[in-house]
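Encoded as structure tokens, the structure appears first; notes follow it.
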Amino acid sequence: MKQGRLFVISGPSGVGKSTILKELLARQEDIYFSVSATTRPPRPGEVDHVHYHFNSLDEFRRLIKSEALLEWAEYVGNYYGTPAKYVDEALEQGKNVILDIEVQGAKQVAAKRPSAVRIFIAPPSWPELERRLTERGTDAAEKIQKRLGKAREEFENAKEYDYIVVNDTVEHAVLELEAIMVAEHCRPQERIAMIERAGAADAPKGPESAAEKDADEARETT
Ligand code: ADP
Ligand code: 5GP
């Protein structure tokens with residue numbers, strides 16, 4: 001069985017993370033996308049437990065207290081966090097797991113799970129990011145300016161990531177994400193373990209099987 005890998009995706013609000021992840025998930029079945037808990041109110045079209053688990057502040061505090069979250073952070077006035085249970089279950093099933101989380105959360109995951117692969121999604125330019133935020137039409141002008149300010153701050157962290165994908169076109173960005181995921185499964189640690197496991201299944205068995213062989217020969221001569 002393939003080893004499950006944890007992929008952490010970060011990038012400024014409005015850069016197109018949801019758009020490219022939706023396309024990636026439509027193309028690949030064995031990916032588990034982690035649904036986060038948040039105190040942010042749903043946007044039009046967002047469904048509870050599909051896009052987010054929409055929680056009250058009290059519910060979110062309880063999740064923190066019970067250590068149910070792999071990581072959590074505050075982002076422009078709301079709390080966001082990753083429920084650990086489902087991530088671990090999917091990894092154990094050999095699935096690739098994707099977290100779409102901001103940079104503070106990504107740092108917490110890197111500290112707890114050093115083998116996680118971190119990918120930063122960047123806009124082709126800052127004016128294009130502003131255009132996408134405005135055209136999405138989900139945030140007031142003041143909130144858009146807050147998110148743009150935050151985007152500059154977040155970009156400062158991009159160099160700490162393993163990869164940067166530029167979302168110029170959705171097709172191109174998804175191709176790059178797929179390439180990274182394939183390449184990460186070619187790392188020596190995973191490949192050697194895979195070959196050893198396959199070898200173990202085919203290899204001649206040990207002393208036990210020699211004893212079985214002797215017993216077979218003894219039966220044949222009687
Ligand atoms: P995020 O999840 O990063 O906040 P969204 O996926 O909601 O961003 O995308 C923000 C807006 O940008 C949406 O209106 C989306 O349709 C648009 N968008 C996403 N990717 C592209 C792209 N490559 N080119 C043009 N527009 C895009
Ligand atoms: P939005 O409100 O636009 O859906 O998300 C705002 C930011 O919160 C995005 O940068 C997104 O990646 C981040 N985010 C979503 N879920 C989580 C989470 O579980 N943890 C953290 N740390 N950030 C999250």
Side-chain angles (χ1 to χ4, degrees), residues 5-21 24 31-43 46 51-88 90-91 96-123 126 129-130 132-133 136 138-140 142-167 173 177 180-181 184:
R5 293 294 304 268
L6 185 55
F7 294 89
V8 176
I9 310 280
S10 302
S13 181
V15 73
K17 298 182 298 299
S18 311
T19 307
I20 60 180
L21 290 179
L24 179 74
I31 295 179
Y32 172 72
F33 176 74
S34 163
V35 179
S36 298
T38 184
T39 60
R40 159 168 92 56
R43 295 186 182 130
E46 284 185 333
H51 297 95
Y52 280 105
H53 303 291
F54 293 102
N55 285 352
S56 68
L57 193 52
D58 277 350
E59 284 168 333
F60 198 91
R61 285 194 181 121
R62 275 200 289 277
L63 290 176
I64 297 174
K65 215 172 164 196
S66 62
E67 295 184 358
L69 300 176
L70 174 61
E71 60 71 40
W72 65 272
E74 193 202 334
Y75 184 90
V76 292
N78 292 301
Y79 290 94
Y80 297 81
T82 303
K85 184 170 173 261
Y86 307 112
V87 169
D88 290 333
L91 287 172
N96 284 325
V97 173
I98 294 192
L99 312 182
D100 168 358
I101 63 179
E102 52 69 64
V103 296
Q104 296 309 315
K107 282 184 189 168
Q108 294 170 44
V109 175
K112 283 189 184 164
R113 309 280 172 96
S115 63
V117 181
R118 290 190 292 165
I119 306 167
F120 193 91
I121 314 289
W126 297 112
L129 179 64
E130 184 164 7
R132 287 184 194 172
L133 274 171
R136 186 168 68 182
T138 54
D139 296 289
E142 186 207 349
K143 198 92 174 176
I144 288 177
Q145 287 314 311
K146 257 190 171 175
R147 285 180 185 257
L148 281 171
K150 191 85 182 166
R152 293 278 191 169
E153 265 176 47
E154 286 174 321
F155 194 59
E156 295 288 309
N157 293 278
K159 56 185 174 299
E160 289 169 24
Y161 280 66
D162 299 304
Y163 300 95
I164 298 181
V165 165
V166 175
N167 179 20
L177 276 183
I180 291 167
M181 296 178 87
E184 283 296 330

List the residues meeting side-chain hydrogen bond (donor to acceptor under 3.5 Å, both in side chains) with His53, not counting sequence neighbours, and say none if there are none.
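side-chain hydrogen bond (donor to acceptor under 3.5 Å, both in side chains) list for His53, sorted by chain: His49.
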Check side-chain hydrogen bond (donor to acceptor under 3.5 Å, both in side chains) between Asn55 and all other residues, then give those that pass, not counting sequence neighbours.
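side-chain hydrogen bond (donor to acceptor under 3.5 Å, both in side chains) list for Asn55, sorted by chain: empty.
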Looking only at heavy atoms, what is the nearest atom pair of Ala122 and Phe155, with distance?
CB-CE1, 4.1 Å
Heavy-atom closest pair, residues Ala106 and Ile101:
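Taking every non-hydrogen atom into account, N-CD1, 3.6 Å.
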Measure the [atom1]-[atom2] distance between [X] and [Y] for me, rounded to the nearest 0.5 Å.
{"X": "Leu148", "Y": "Glu153", "atom1": "CG", "atom2": "CD", "value": "12.0 Å"}
{"X": "Thr138", "Y": "Glu46", "atom1": "OG1", "atom2": "CD", "value": "8.0 Å"}
{"X": "Ser13", "Y": "Lys143", "atom1": "OG", "atom2": "NZ", "value": "9.5 Å"}

Measure the shortest side-chain to side-chain distance between [X] and [Y] over non-hydrogen atoms and say whether it is less than 4.5 angstrom.
{"X": "Ile9", "Y": "Leu99", "answer": "no"}
{"X": "Val117", "Y": "Arg5", "answer": "yes"}
{"X": "Leu57", "Y": "Tyr79", "answer": "yes"}
{"X": "Ile20", "Y": "Ile121", "answer": "yes"}

For Tyr86, all residues meeting side-chain contact (heavy atoms from CB on, under 4.5 Å), sequence neighbours excluded
Tyr32, Pro83, Glu89
I'd like to know whether Ile98 forms a side-chain contact (heavy atoms from CB on, under 4.5 Å) with Leu21, so could you lay out the CA-CA distance, the side-chain angles of the two residues, the decisive distance to 0.1 Å, and finally the verdict.
CA-CA 9 Å; Ile98 294 192; Leu21 290 179; 4.1 Å; yes
Salt bridge (charged side-chain N to carboxylate O under 4.0 Å, His left out) with [X]: which residues, sequence neighbours excluded?
{"X": "Glu130", "result": "none"}
{"X": "Asp139", "result": "Arg136, Arg147"}
{"X": "Arg152", "result": "none"}

Quick one: do Glu102 and Lys17 make a salt bridge, cutoff under 4.0 Å?
no
Show me, pair by pair, the donor-acceptor contacts under 3.5 angstrom made by side chains of residues 65-74, not counting sequence neighbours?
residue: Ser66; atom: OG; partner: Arg62; partner atom: O; Å: 3.0
residue: Ser66; atom: OG; partner: Leu63; partner atom: O; Å: 3.3
residue: Glu71; atom: OE2; partner: Thr82; partner atom: N; Å: 3.3
residue: Glu71; atom: OE2; partner: Thr82; partner atom: OG1; Å: 2.4

Please set out all donor-acceptor pairs under 3.5 angstrom arising from side-chain atoms of residues 159-166, sequence neighbours excluded.
residue: Lys159; atom: NZ; partner: Glu156; partner atom: O; Å: 2.8
residue: Tyr161; atom: OH; partner: Ser10; partner atom: OG; Å: 2.7
residue: Asp162; atom: OD2; partner: Arg118; partner atom: N; Å: 2.8
residue: Tyr163; atom: OH; partner: Glu184; partner atom: OE2; Å: 2.7

Output, in order, the C-alpha distance, side-chain angles, deciding distance and verdict of side-chain contact (heavy atoms from CB on, under 4.5 Å) for Ile31 and Val97.
CA-CA 6 Å; Ile31 295 179; Val97 173; over 6 Å; no
Is the backbone of Ala173 close enough, under 3.5 Å, to the side chain of Asn167 for a donor and an acceptor to pair up by distance?
no
What's the verdict on side-chain contact (heavy atoms from CB on, under 4.5 Å) for Phe33 and Leu24, showing C-alpha distance, side-chain angles and the deciding distance?
CA-CA 10 Å; Phe33 176 74; Leu24 179 74; over 6 Å; no
For Glu154 and Tyr75, run side-chain contact (heavy atoms from CB on, under 4.5 Å): C-alpha distance rounded to whole Å, both residues' side-chain angles, the deciding distance at 0.1 Å, then the answer.
CA-CA 11 Å; Glu154 286 174 321; Tyr75 184 90; 3.2 Å; yes
With sequence neighbours excluded, tell me which residues meet ring-ring contact (aromatic ring centres under 6.0 Å, His included) with Tyr52.
Phe54, Tyr80
Please list all pairs meeting side chain to side chain donor-acceptor pair (under 3.5 Å) that have one or both residues in residues 103-117, counting only residues at least two apart or in different chains.
Asp88-Arg113, Lys107-Asn157
